[in-house]
2 protein chains.
Amino acid sequence: MRAAAEVVHRQGAERTTIADIARVADVPVGNVYYYFKTKDELVVAALCEHARQLELLTGRLDQLSDPRERLKGLIQTWMDQRDLAARYGCPTGTLAVELDKRDKDGLDVEAGRVIRLLLAWVERQFHELGQPEPDSLALTLVGAYQGMSLLTNALRDPSVMDREGARLLAWLDSMEAA
Amino acid sequence: MRAAAEVVHRQGAERTTIADIARVADVPVGNVYYYFKTKDELVVAALCEHARQLELLTGRLDQLSDPRERLKGLIQTWMDQRDLAARYGCPTGTLAVELDKRDKDGLDVEAGRVIRLLLAWVERQFHELGQPEPDSLALTLVGAYQGMSLLTNALRDPSVMDREGARLLAWLDSMEAA
DNA sequence: GTCTATAAAATGATAGAC
DNA sequence: GTCTATCATTTTATAGAC
């Protein structure tokens, strides 16, 4: 699953072959099919791995007492991954983009689920901050992150992440506490 | 080229076969290869088609005398395409995400070029508005668009585009003229 | 230039020995 | 549970008639 998440992030779901994942996981190709009946199940596994990473992160941030500091910690984590983002973009966002092109199979919905997880956590922080429209603010913050990840990636320029990240931090600081 | 742009937007570059494009263009598969030696050349063609559309749009907007109105017209155009964005995302952005996963072939750079085209035009408008850091503002505006397109698409919810678009319009209106 | 038929390659998936 | 060998399918790309 870890290999799947890593390779799918780097190469994209469609370009990734079972052989690619098997090589990174250091097992023969046939063996993969003992645990995952289809390639799509591997993609779901990659998605779950990202969800798990997100829960680990928000769990750590929840230790902080101030919701504003939690949000700033989230943004700082994103900024710390600027180089990875410049090369391969946000793992969840880029995978969602790819899966959203599909019909029929419910994989497109799966990708949305991880993003909803992030949105819900961010919304909770804004709510605790006493903001009047926490859902809209969450949309703006997560949207800004996905947008700056995409531009960082498309322009191959990590400094985009720094500049936009700094703007978001200042934005949070400028908010009135309730 | 029009068929390529359309199908690649809907299905993504990797999932799109030459046969898919040929069917939409209503020509036999073999004929496609008379004009495009490889599949990648078709992807480049789709990209050029998007660049052409962008130039048509900015050309129309340049007729407006006020740069602020030009930017608002751009955002309004994006909002008008909310339903397409909810189903398939931003044509240029989603294609860029996919091509950025590649190595070696220079196709990843090609995708960045179209986005740079948009960034440059937006930056020019902010410059004419007398804003001190037009490049940063352009990054913020285009980033916001890419982010809200991705969320609109991942959540399959056109209203995301409305809410975030309205926020951007208000943001533009709140800017001091120079 | 247009089209049909087909070659060539890549890759998802399985069978069966161990 | 692990691994090798292989099948079956899809898809890129080409050959050659018209």
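Just so you know, these numbers use all the heavy atoms, side chains as well, and skip hydrogens, waters and symmetry mates.
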Within-4.5 Å side-chain heavy-atom neighbours: B:His9 and B:Leu84: yes

Separation of C:dA10 atom P from A:Asp20 atom CG, nearest Å, is 13 Å

Measure from the side chain of A:Thr17, starting at C-beta and using heavy atoms only, and say which of C:dG12, D:dC3, D:dA13 lies closest. C:dG12

What's the separation between atom CD in B:Gln53 and atom OG1 in B:Thr58, rounded to the nearest 0.5 Å? 11.0 Å

Using whole Å, report how far CZ of B:Phe36 lies from P of D:dT11. 20 Å

B:Glu14 atom CD is separated from D:dT12 atom C1', nearest whole Å, by 13 Å

Less than 4.0 angstrom between a side-chain N/O of B:Tyr35 and OP1 or OP2 of C:dG1, yes or no? no

Do B:Glu6 and B:Arg10 sit within salt-bridge range, that is, some charged N less than 4.0 Å from a carboxylate O? yes

Can you check the B:Tyr33 OH to D:dT14 P distance for me, whole Å? 8 Å

Whole-Å gap separating P (C:dA8) and CD1 (B:Ile18): 19 Å

Drop me the distance from B:Glu41's CD to B:Leu107's CG, to the nearest 0.5 angstrom. 10.0 Å

Round to the nearest Å and state the distance from A:Asn31 atom CG to C:dG16 atom P. 18 Å

I need the CG-P distance between A:Leu42 and C:dA13, as an integer number of Å. 10 Å

Between P on C:dG12 and OH on A:Tyr34, what's the gap in Å once rounded to a whole number? 22 Å

